[in-house]
Amino acid sequence: MQWSRQSVDTAVQEVINVLVTAVELSIPKSSSPSFQHYKPWWNTDCQTAYKNQQKLWESFADILRRISWHSKRQKQMLAEVWKEHCFPSSWREAIVIPILKPGKVATDPLSYCPIALTSCFFSLLRVYQALILSRLDYGCVVYGSARTSVLKRLDTVHHSALRICSGAFRTSPVTSLYVVCHQPPLELRRKQLSKNYFIRAMSVPSHPLKPFALAIGLNRLYEARSFNIKPFSERAKAVLNDAHLNNINIQENNILAFPPWDIQIFNYHNPFSGYHKAGTADIYQQLFSFHRSKYSKYVPVYTDGSKAVGHVGCGVFNNTILSFSLHNSMSVFSAELTAILIALQHIFSNHRHFCVYTDSMSALESLHFLTEPRHPSVIEILILLRKLERKGFDVIFPWVPRHVGILGNEQADTAARSMSDHMQRPVCYRDLKTSTQNYIHRVWQGTWD
């Protein structure tokens, strides 16, 4: 006798109904408001697991409400996932990318590891960064002193999350996961966050970490017993030493220089507004000549900053040319601000009216707008301007376009690009953070290579 699929399902359902009816008659109903599951295999463990699942889904929904999503569609999509308790079928479709295993032959198909990029790849990565990775980063400055064997336990969480987000197999190399998901190893991430915290602490006046230094005896002890873990500041200095940033004076950020009721007001001139640079060089020169005739009593001072491969400099042109080379980790924005500061430091003379020309609109806007946090050089410039105003100096700051034939600006640009004497000037902590980030990327690239 042959049994059809439908008849088998009907028979199974009838058996289940008989069992459920027998359970309902034999077990008295409880007055508890808990959800009743009329299934023969349902027991206390299942009920506890179901309650825990509901609590986790509620926690997940609460976290989703707190996250500020740039895309409303992403938020709605994840909300639907929470309500339906299942993933959309489109998330199960992926684009498979073969990645060559390290040290394998490129012509052999078995030498490649498939990486599947699902449609929700970036959404899942963002959820991971907001919910899990942020908790791993929190306090890494403190728990980073733990043993390597203890810290490696967190790598399992990191790798599992990256495999879920990318859809990779369990046999996929970890180094490939880092590259595909653009997430560095946790060890490099802890180093970067620790260095950022140390650099930021060194820029704060009177920070407790600044005067801290190990005694000579303790240094010898740590050198003799390499298995001992050094304090946080010494570990951060070691990483900066590897990045060749150990002998740098970090610029202090005096955030209390101006109280809220006594903020320095800064305004700048833009006589070239409304004109596009392309094809209007002659108009720019005419506008500049008109501006100079209007402010003929003001002594012109031209400033400029420059950054190239292996060279950062600033130049000031008045009657003489001042040219200085700066530390290579400084940005062109810091070089422009340094040029303005040097110009203000050299205008003490019999004249009382000066016109400081610069081609950096970002530097002028940072001096004008009351944004926080401010660049330390911006605070220095505003403090010096207040001193000059109290002594009777009148200094205005017009913006000029670069490379349009204005002689003074071209002279300052040439001075900034020239190889001149090095100026021992502290480096802003923001520039150092960028340099340390580039160093971490180079180490990561070296590991991949």
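These numbers come from the heavy atoms of this one structure, side chains and all, not from hydrogens, waters or symmetry mates.
When every heavy atom of Ile342 is checked against every heavy atom of Met423, the shortest pair comes out as CD1-SD, 3.7 Å. Contact between Arg402 and Asn409 at its shortest, heavy atoms only, is CA-OD1, 3.6 Å. Nearest approach of Asp304 to Ala339, heavy atoms of both residues: O-CB, 3.5 Å. Looking at every heavy atom in both residues, His375 comes nearest to Ser334 through NE2-OG, 3.0 Å.
No donor-acceptor distance shorter than 3.5 angstrom exists from the side chain of Ser145 to the backbone of Ile229, with no hydrogens or angles considered. Judged by distance alone, with hydrogens and angles left aside, the side-chain atoms of Ser194 form no donor-acceptor pair with the main-chain N or O of Lys191 at under 3.5 Å. In this structure, the side chain of Ser176 does not engage the main chain of Ser172 through any donor-acceptor pair within 3.5 Å.
Ring planes of Tyr302 and Phe288: tilted class, angle from 30 to 60°. Aromatic ring pairs are classed by plane angle as parallel below 30°, tilted from 30° to 60° and perpendicular above 60°; the pair His368 and Tyr268 is perpendicular.
Side-chain polar atoms of Ser331 and Asp431 form a donor-acceptor pair below 3.5 angstrom. Side chains of Ser418 and Ser323: a donor-acceptor N/O pair is present below 3.5 angstrom, by distance only.
Salt-bridge formation is not detected for the pair Glu252/Arg200: no Lys NZ or Arg NE/NH1/NH2 atom is positioned less than 4.0 Å from an Asp or Glu carboxylate oxygen.
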Does the pair Thr358 and Ser360 meet the rule for a side chain to side chain donor-acceptor pair (under 3.5 Å), with working shown?
CA-CA 6 Å; Thr358 178; Ser360 175; 5.0 Å; no

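In this structure, His159 has its ring center closer than 6.0 angstrom to the ring center of Tyr178. Centroid-to-centroid, the aromatic rings of Tyr357 and Phe397 stay 6.0 Å apart or farther.
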